[in-house]
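Reviewing the structure listed below.
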Amino acid sequence: MCSSHATVRGLLHALRDDRGIVVVDTEASPEHLSRSTTEAVDLMLVVAEPYFKSLETARRYSAMGKELGIPRVAVLANKVRNADEEAAVGAFFEEHDTELFAAVPFDAALAAAERRGIAPLDHDVSAPAVASIGEVAERIVELDRRA
Amino acid sequence: MKVSVSGKGGSGKTTISGTLARLLGRAAGPVLAVDGDPNPNLSLTLGLDRERLNALSPLPHGLMSHERVDGEVRLSLSRPAAEVLSEFGVDCPDNVKLLQIGQPPGAGTG
């Protein structure tokens, strides 16, 4: 899929001076980093689940994002079940000098939305994970205002 | 503000991208959501209805051209971004426009 990498990269560069909000969902493999596909973003969020392999992957992706010169690279912990897990994730990334942007809780409502094949927002707008992502959105809007 | 969402398969990356895009759309107006995953599912998480989902078509070849930037040859969009977005972007709920870069879900060739 080399052409999709080139297209995303070209699009982001073409939008470089555009002030609008853009969210890019990347492929799971680190190719979007090794091929500089997403080098022209202001904020790279790396989603990590609270288990070692996922944390390790997120650490590697974060390091690659920083090498690309992305101004802010931060981890978004996901499917976090309790305060102990959140603390463990926090300690891991602190040790690796990587910002933990937020921790989104584990939420059965998301799996239920998945089973129904609909958007989480259309399934249950008051689900805890949706509320948590809402807080992330508010912070991004705030960053955008200050930029 | 441009935000990329990365992560291991199964981490919930697409669910977060789609939900984040819509909540940003609610809070701050138009948002462009780009699905750069060759196994694309963002459209579902954005809440695109099935009819429009099935009507999604891949971006045509020839949208990119070689260009020399700072002495370095790279692929660039051969048409203005605004034109590409208005022609190929799909309107989703909450002020979100989706640009699907990979093949649409269900195209099933790979």
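Proteins come first, then strands; the chains are lettered A, B, ... in the order of their sequence lines, and each starts at number 1. Note that these values count all heavy atoms, side chains included, but never hydrogens, waters or copies made by symmetry.
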Contact summary for Gly36(B) and Ser4(A), nearest pair of heavy atoms: O-OG, 4.4 Å
Closest-packed option against chain B by number of heavy-atom pairs under 4.5 Å, given Val46(A), Leu121(A), Asp144(A), Leu33(A): Leu121(A)
Point-to-point distance, once rounded to the nearest 0.5 Å, from OG1 of Thr45(B) to CD of Glu114(A): 6.5 Å
Toward chain B, the part of Arg9(A) with a non-hydrogen atom under 4.5 Å: side chain
Ile133(A) versus chain B, the contacting section by heavy-atom distance below 4.5 Å: both
Path from Leu68(A) to Leu11(A) over hydrophobic side-chain contacts below 4.5 Å: yes
Same apolar cluster (I L V M F W Y, side chains within < 4.5 Å links), Val80(A)/Phe92(A): no
Asp94(B) portion near chain A, given a 4.5 angstrom heavy-atom threshold: side chain
Closest-packed option against chain B by number of heavy-atom pairs under 4.5 Å, given Glu138(A), Lys79(A), Arg19(A): Lys79(A)
Same cluster (ILVMFWY, side-chain, under 4.5 Å), Val5(B) and Val141(A): yes
Region of Arg60(A) that comes under 4.5 Å of a non-hydrogen atom in chain B: neither
OG-CG distance between Ser4(B) and Asp42(A), expressed to the nearest 0.5 angstrom: 9.5 Å
Closest heavy-atom pair and its distance - Tyr61(A), Lys8(B): CE2-N, 4.4 Å
Contact origin within Phe101(A) toward chain B - heavy atom pairs under 4.5 Å: neither
Region of Leu12(A) in contact with chain B, defined by heavy-atom distances below 4.5 Å: both
Leu32(B) CG to Asp18(A) CG distance, which is reported to the nearest 0.5 Å: 8.5 Å
Within 6.0 Å of CD in Glu56(A), more than 12 heavy atoms from elsewhere: yes
Other residues, nucleotides, ligands: >12 heavy atoms within 6.0 Å of Arg81(A) CZ: no
Neighbour count above 12 (heavy atom, 6.0 Å) for Glu51(B) CD: no
Expected output: side-chain Lys13(B) to main-chain Thr26(A) donor-acceptor under 3.5 Å: yes
Connected via hydrophobic side-chain network under 4.5 Å: Phe88(B) and Met64(B): yes
Asp37(B) side, atom CG; Asp25(A) side, atom CG - distance, nearest 0.5 Å: 6.0 Å
Heavy-atom side-chain contact between Leu42(B) and Val23(A) under 4.5 Å: no
Structural part of Ala129(A) lying under 4.5 Å from a heavy atom of chain B: neither
Leading residue by heavy atom contact count with chain B [cutoff under 4.5 Å; candidates Glu49(A), Arg145(A), His13(A)]: Glu49(A)
Option that, when pairs with chain A are counted at under 4.5 Å, heavy atom only, ranks first among Thr14(B), Leu59(B), Asp49(B), Val96(B): Thr14(B)
Residue selection (most heavy-atom pairs with chain A, distance under 4.5 Å) from Ser6(B), Ser17(B), Gly7(B): Ser6(B)
Contacting region of Leu46(B) [heavy-atom separation from chain A under 4.5 Å]: backbone
Top contributor to chain A contacts, counting heavy-atom pairs under 4.5 Å, from Thr15(B), Leu24(B), Leu85(B): Leu24(B)
Flag, side chain of Lys2(B) to backbone of Leu15(A), donor-acceptor distance under 3.5 Å: yes
Interface moiety of Leu48(B) toward chain A, non-hydrogen atoms closer than 4.5 Å: neither
Spacing of Leu23(B) atom CG and Ile140(A) atom CD1 [to the nearest 0.5 Å]: 10.0 Å
Hydrophobic cluster membership, Val31(B) vs Val125(A), 4.5 Å side-chain cutoff: yes
Residue, of Asp35(B), Leu63(B), Leu77(B), that accumulates the most heavy atom pairs under 4.5 Å with chain A: Leu77(B)
Heavy-atom pairs under 4.5 Å with chain B, option from Leu143(A), Val130(A), Asp122(A) with the top count: Asp122(A)
Value rounded to 0.5 Å, distance of OG1 in Thr7(A) from CD1 in Ile101(B): 5.5 Å
